[in-house]
Amino acid sequence: MPEILANNPERIQGRDALRSNIAAARAIALTVKSTLGPKGMDKMIVDQAGNITITNDGVTILKEMQIEHPAAKMLVEVAKTQENKVGDGTTTAVIIAGELLSQAEGLIDQGIHPSIIIRAYAQAEEFAQRRLISFSKPIENRNTLHQIATTAMTGKGIERYKEHLASLLIDALDHVRTQESLNQENIKLELEVGPTTEKSELIVGIILDKERVHPSMPSKIENAKILLVDIPLEVRSTDIDAKIQLSDPKQLQQFLEHEEQHLKSITTNIIQSGATVVICQRGIDDLAQYYLAKANILALRRVKKSDMELLEKSTNAKICSSLKDLTTAILGSASTVEERLIGETKMVVVSGCPNAKAITILLRAPTPQNAQECKRACTDALGDICAAINDKRMLPGAGATEIHLALALEEFAKTQSGRNQLAIQAYAKALESIPHTLAQNAGLDAMDSMTALKAAHQNGLSTLGINTQPSTYTQAANQINQMSNSNLLLNTEQEGIFEPLSIKTVALASATQVAEMILRIDDIILGKPKENTNNSFKLD
Ligand code: ADP
Ligand code: MG
């Protein structure tokens, strides 16, 4: 065939292209596989500047890794989609995608054309999605939400504290939630390196990364009346350079006195309004600081606009842009405004606001790495709780849902003919990789666990999942002992291992879609370099 491309660029065609892509995608799945589940291991990622991240969060690992292969990058996108849509289940989605491709490779080796596999995978996904909905159960109460949060935190570095953290997250959501929406964005996760995670707490209100402007101001005000101002509390400097010629030293004195008078009248206005806390978006003159301090007022300056707006919402204050408008009516309130030492820094906490629309969860952990991992685990759990509230439905975890789907797909495959049947069976096998990996990561004989799990589900025990700690869960084990003569399984209902429905629906949809997309490619061509972009594509 004549070469139609300039400069004979790198190009891989047909089966080789497919194999190269599948190998890259599988390699990605393999990287995160060992982190799945309660006994998953962590990864240590060191960037070029020597910063260390220790995590077992699928999407974090993939985002931090330097990935070059285009198909591998497509798998990273699956994790990102999962993260953006539901916030958790990223490792699961990537493992399923990798496994779908692995299975597809086996089918291609048997001479089945990728287009047949693509069609069968789509059919299998549709069946599985319907089955997910019928297998799901309604979320009954708050306790179930708590269990969904603890399931998300199982296996993370902060697992010991999951009960406490789950309560904090649910309480925080209660504060920001209205009938119409969840307002998850009003929850701020702040980190403090120092004491233990057990001491993590919920701060109803807003943390301002500021200190009071004058050391003789009170550091704590109860029943605070808060004034928010967005103009400087200082004598304005003129926009143009002006020179004032004084002919007499007295004039200088008068000039300074006039300035002083001006500042005094500003502060008198403030004091008379009854404000006990002044939060200013701009600067506060030294002299004004002095007068405010003398009147026992706590003042902050150069507060961020976004924080001012948050304060306006939660304290019921109106931001004041002209001190002439200053009346008691525009003041906001909070039960306490207090300067506190958070970590190494002094910050001001405004708490007990009438509209507690904003809330901060102060996460404490002994090292910066722990703190970051704690934040990631809480973000995942928060995503799960929100998904659960939206979905109102949940599924059993510990591989119970995946094995249920796999067995149902096996049955469905029997109704299909020939190659289609094989490809649907391959889809089922790919789903089995989740319970299989959970067992494998716990150091168990995955074959034994899988045999027990399948037997239990075939006998109608559809809430059973992989027991990653066979020495515990004895209650569940006793029940199952009669069934499968082993304690390799646990009862997800008894142990409270639940996940929101959308974690699984999104994972299946995006994993299937990326597998189909990769299977459709039969040619990898190195494109023209785009201006100003660093084309890092390499073929191996
Ligand atoms: P992902 O990034 O996919 O959320 P995780 O490492 O968080 O990965 O692991 C989630 C998996 O761990 C889910 O399949 C979930 O059902 C399972 N899991 C959670 N808690 C338990 C438990 N106590 N026993 C067994 N499996 C569990
Ligand atoms: Mg998770």
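For ligands, and for the atoms within them, numbers begin at 1 and follow the listed sequence.
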> Taking everything shown except Gln513 itself, do over 12 heavy atoms lie less than 6.0 Å from its CD?
Replying inline: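 12 or below, so no.
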Please list, in number order, the atoms of ligand 1 under 4.0 Å from a heavy atom of [X].
X      : value
Leu36  : 3 (O), 6 (O), 8 (O), 9 (O)
Gly397 : 16 (O)
Thr154 : 20 (N), 23 (N)
Thr35  : 6 (O)
Thr91  : 1 (P), 2 (O), 3 (O), 8 (O)
Ile466 : 25 (C)
Gly37  : 5 (P), 6 (O), 9 (O), 12 (O)
Thr151 : 19 (C), 20 (N)

>> I'd like the name of whichever of Glu499, Glu83, Gln147, Lys504 reaches closest to atom 15 (C) of ligand 1 through any heavy atom.
In response: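 Comparing heavy atoms across Glu499, Glu83, Gln147, Lys504, the nearest one to atom 15 (C) of ligand 1 lies in Glu499.
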> Between the candidates Ala398, Gly496, Ala400, which shows the shortest non-hydrogen contact distance to atom 16 (O) of ligand 1?
Replying inline: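 It is Ala398 whose heavy atom sits nearest to atom 16 (O) of ligand 1.
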Is the closest heavy atom of [X] to ligand 1 under 4.0 Å?
X     : answer
Gly40 : no
Gly89 : yes
Asn56 : no

> Can you name the one residue among Thr55, Thr60, Thr53 that meets side chain to side chain donor-acceptor pair (under 3.5 Å) with Asp57?
Replying inline: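 The residue from Thr55, Thr60, Thr53 that satisfies side chain to side chain donor-acceptor pair (under 3.5 Å) with Asp57 turns out to be Thr60.
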> Does any N, O or S atom in Asp384 come within less than 2.8 Å of the Mg ion (ligand 2)?
Replying inline: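 Within the cut-off used here (under 2.8 Å), Asp384 places no N, O or S atom near the Mg ion (ligand 2).
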>> Would you call the rings of Phe135 and His404 parallel, tilted or perpendicular, taking 30° and 60° as the class edges?
In response: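 Parallel, since the angle between the ring planes stays under 30°.
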